[in-house]
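Since the structure comes first, as structure tokens, the remarks are kept for the end.
Just so you know, residue 1 is the first one in the sequence shown, and it goes up from there. Source: prediction; values computed, not measured.
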Amino acid sequence: MKTLLRGGTVVSAQGETRADVLIEGERVSAVGTDISARDASTVDCTGKLLFPGFIDGHTHFDLEVCGTITADDFATGGRAALRGGTTTVVDFAAPDKGETLACGLARWRKKAEGRAACDYGFHMTIDDWSEGVSRELGEMMALGITSFKMYMTYPAMMISEGDMYRALLRLKELGGVAGVHCENDGVIRALTAQARLEGRMSPASHPRTRPAALEAEAVSHLLRLAQLADVPVIIVHLSARESLEEVRAARRRGQTVFVETCPHYLLLEEGVYDNPDYMEAAKFVCAPPIRKAADREALWEALRSGEIQTVATDHCSFTTAQKRAGQYDFTRIPGGLPGVEHRGVLLYTCGVAAGRITPADMCRLLCEGPAKLYGCWPRKGIVAPGSDADIVVYDPSANQIITAGDQAQNVDYTPYEGWQTVGSVVQVYLRGRLAVDRGRILETGGQFIPRGKCQL
């Protein structure tokens with residue numbers, strides 16, 4: 001089967017080119033001007049942008065948190081991803097404390113296989129350390145799982161500093177890369193205990209018990225360990241200007257540091273937690289918390305300057321009813337926001353159309369950057385001969401209004417309710433098949449994507 005996308009503007013991280021794109025089977029077979037293919041089905045893409053399929057390198061589908069399970073699994077979350085132009089996600093396979101990595105991987109494979117609507121890969125969470133885990137890291141690499149996650153907060157998942165250092169050394173030996181959740185757990189617990197003592201248990205206390213300084217301190221701490229180990233690391237969901245300063249200091253020392261941020265840190269402000277409606281405020285509880293306007297602007301500047309490599313969502317969705325578990329105690333509110341469906345249109349609207357970034361920047365942040373960071377370039381992340389025919393057709397003139405009533409995410413709200421978009425995703429191709437057409441999900445069928453080593 002052949003499909004010819006004619007007359008569109010192909011976007012890469014290097015710029016924009018008016019070109020036709022010929023799809024044969026699951027791959028792009030040609031990109032150029034005036035391509036002739038009489039036996040192809042032709043689609044007029046005049047006036048539209050052709051992005052590579054977006055890659056979301058940070059999702060949490062079918063994850064147990066605070067005694068409940070995220071509202072989106074690989075089926076519903078994958079459908080929402082596709083509807084928003086994301087054709088590949090990298091989720092987190094998380095063994096329980098004391099389990100082997102293989103056990104965690106088997107559990108997550110079972111969650112995804114035959115159910116995932118879009119293509120997917122896994123990061124492996126390291127929440128314990130032993131000779132066995134060290135050996136298994138090599139086995140994971142051989143299976144195409146080449147990125148790993150460690151936590152500096154959450155007692156159920158964090159490991160000691162010494163073990164984190166040992167893990168970094170082992171990843172250096174193997175050529176793997178670690179993404180780290182950076183917050184100072186001990187001081188967060190002290191501040192939370194003080195808030196409890198004083199009866200300050202509403203969502204307004206959430207950002208006050210997890211201030212930006214504690215993220216920055218943990219980023220600094222991690223980067224000194226990485227300096228000693230002489231290994232690159234990824235700071236996931238970086239939210240604060242102070243944290244960026246720590247990254248800049250490490251880079252001046254000669255370290256390689258990759259940075260991910262998320263749409264909610266670029267678009268929302270800390271005041272959402274002061275809403276007098278407890279449950280409305282509870283919807284925005286996530287970690288790290290949403291920050292101040294100055295942090296938001298610092299992140300936009302870092303996107304423009306190329307200091308941030310990718311914008312992922314940290315999609316971790318809960319319904320209002322699930323968030324109500326913490327109605328009288330903000331520490332019991334399941335933490336996380338939905339976002340996988342709206343990331344692309346938000347970055348175009350508030351970034352490209354607002355003059356903050358270019359279409360090429362958007363491609364770097366959503367496509368090429370994560371593809372190279374997570375080792376699936378050039379199969380993913382580019383519209384070029386030989387690449388998977390994952391293509392997002394974006395119409396800059398097809399404006400929409402974001403509403404919870406018109407979303408595939410399996411939740412009853414969106415943080416961006418009522419936001420006016422500039423343009424929208426009108427078609428999405430997943431490995432050559434038309435998966436989404438003007439909001440209608442036509443076809444699904446994700447595959448596991450084994451990945452190589454980081455290419456940045």
Side-chain angles (χ1 to χ4, degrees), residues 57-58 60 65 92 94 123 125-129 147-169 171-172 177-195 205-253 255-262 264-265 270 285-292 294-296 298-299 302 307-310 312 314 316 331 335-336:
H58 194 149
H60 295 285
V65 178
F92 293 84
H123 309 289
T125 299
I126 303 173
D127 61 7
D128 213 346
W129 190 252
S147 49
F148 301 84
K149 175 77 173 286
M150 291 187 282
Y151 291 84
M152 299 178 78
T153 189
Y154 304 134
M157 292 181 281
M158 60 190 293
I159 62 176
S160 71
E161 295 167 347
D163 286 343
M164 181 174 287
Y165 175 69
R166 294 181 186 95
L168 291 174
L169 287 176
L171 291 177
K172 178 184 177 182
V177 65
V180 183
H181 179 138
C182 296
E183 291 183 284
N184 184 309
D185 185 73
V187 182
I188 288 170
R189 282 187 281 167
L191 291 173
T192 302
Q194 185 65 28
S205 289
H206 178 64
R208 293 161 179 81
T209 56
R210 307 182 91 103
L214 296 188
E215 179 185 319
E217 188 280 333
V219 168
S220 175
H221 200 129
L222 168 70
L223 293 179
R224 287 298 187 179
L225 293 180
Q227 180 187 25
L228 189 61
D230 188 26
V231 64
V233 289
I234 306 166
I235 310 298
V236 300
H237 49 50
L238 185 143
S239 70
R241 177 187 55 78
E242 293 170 72
S243 301
L244 273 174
E245 291 300 331
E246 297 297 338
V247 170
R248 288 166 179 152
R251 286 172 173 165
R252 287 194 295 270
R253 295 192 296 265
Q255 291 181 245
T256 299
V257 186
F258 304 116
V259 176
E260 164 201 290
T261 194
C262 306
H264 43 283
Y265 302 126
E270 187 180 75
V285 168
C286 59
I290 293 160
R291 303 295 188 190
K292 301 180 186 301
D295 296 293
R296 185 182 67 181
L299 292 174
E307 294 176 275
I308 293 175
Q309 281 65 53
T310 185
D314 194 7
C316 193
T331 68

Between I188 and T192, does a side-chain contact (heavy atoms from CB on, under 4.5 Å) hold up when you go through it step by step? CA-CA 6 Å; I188 288 170; T192 302; 4.0 Å; yes
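- Going from atom OG1 of T261 over to atom CD1 of I308 covers 5.0 Å, rounded to the nearest 0.5 Å.
- Here the CD-OG distance, from E217 to S243, works out to 10.5 Å after rounding to the nearest 0.5 Å.
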For residues 229-239, run the donor-acceptor check on the side chains, cut-off 3.5 Å, and write out each pair with its distance to 0.1 Å, sequence neighbours left out.
| from | atom 1 | to | atom 2 | distance (Å) |
| --- | --- | --- | --- | --- |
| H237 | NE2 | H181 | ND1 | 3.2 |
| S239 | OG | E215 | OE1 | 2.4 |
| S239 | OG | R291 | NE | 2.8 |

field: Stepwise salt bridge (charged side-chain N to carboxylate O under 4.0 Å, His left out) check, D163 with R166
entry: CA-CA 5 Å; D163 286 343; R166 294 181 186 95; 2.8 Å; yes
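- With a 6.0 Å radius and a threshold of 12 heavy atoms from other residues, nucleotides or ligands, R241 has its CZ atom at or below the threshold.
- Residues T153 and R210 have side chains in contact (heavy-atom distance under 4.5 Å, counting atoms from C-beta outward).
- Looking only at side-chain heavy atoms (C-beta outward), Y265 and P288 come within less than 4.5 Å of each other.
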Go through R224 and R253 one step at a time and tell me if the side-chain contact (heavy atoms from CB on, under 4.5 Å) criterion holds. CA-CA 10 Å; R224 287 298 187 179; R253 295 192 296 265; 3.4 Å; yes
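- Atom CZ of R189 sits about 13.0 Å away from atom OG1 of T331, to the nearest 0.5 Å.
- Minimum heavy-atom separation, A213 to E242: CA-OE1, 3.7 Å.
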One pair to check against side-chain contact (heavy atoms from CB on, under 4.5 Å): E183 and L214. What are the steps and the verdict? CA-CA 6 Å; E183 291 183 284; L214 296 188; 5.6 Å; no
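- Looking at heavy atoms from C-beta onward, Y151 lies in side-chain contact with T125 at the 4.5 angstrom threshold.
- At least one donor-acceptor pair under 3.5 Å links the side chain of R251 to the backbone N or O of V257.
- In this structure, D295 and A240 approach most closely via the heavy-atom pair OD1-CA, 3.5 Å.
- Under the salt bridge (charged side-chain N to carboxylate O under 4.0 Å, His left out) criterion, E245 pairs with R248, sequence neighbours left out.
- Distance check, rounded to the nearest 0.5 Å: OH of Y165 to CG of L228 gives 4.0 Å.
- Partners of F92 under the ring pair (Phe, Tyr, Trp, His ring centres under 6.0 Å) rule, at least two apart in sequence or in another chain, are H58, H60, H123.
- For the pair N184/H221, no side-chain contact is recorded, criterion being any heavy-atom separation below 4.5 Å from C-beta on.
- Residues E270 and P207 share a closest heavy-atom pair of OE2-CB, 3.7 Å.
- Closest heavy-atom contact between A250 and L223: CB-CD1, 3.7 Å.
- Annotation: side chain of L222 is in contact with side chain of M164 (closest heavy-atom distance under 4.5 Å).
- The two residues A287 and D314 have their closest heavy-atom pair at O-OD2, 4.2 Å.
- For the pair E307/V259, no side-chain contact is recorded, criterion being any heavy-atom separation below 4.5 Å from C-beta on.
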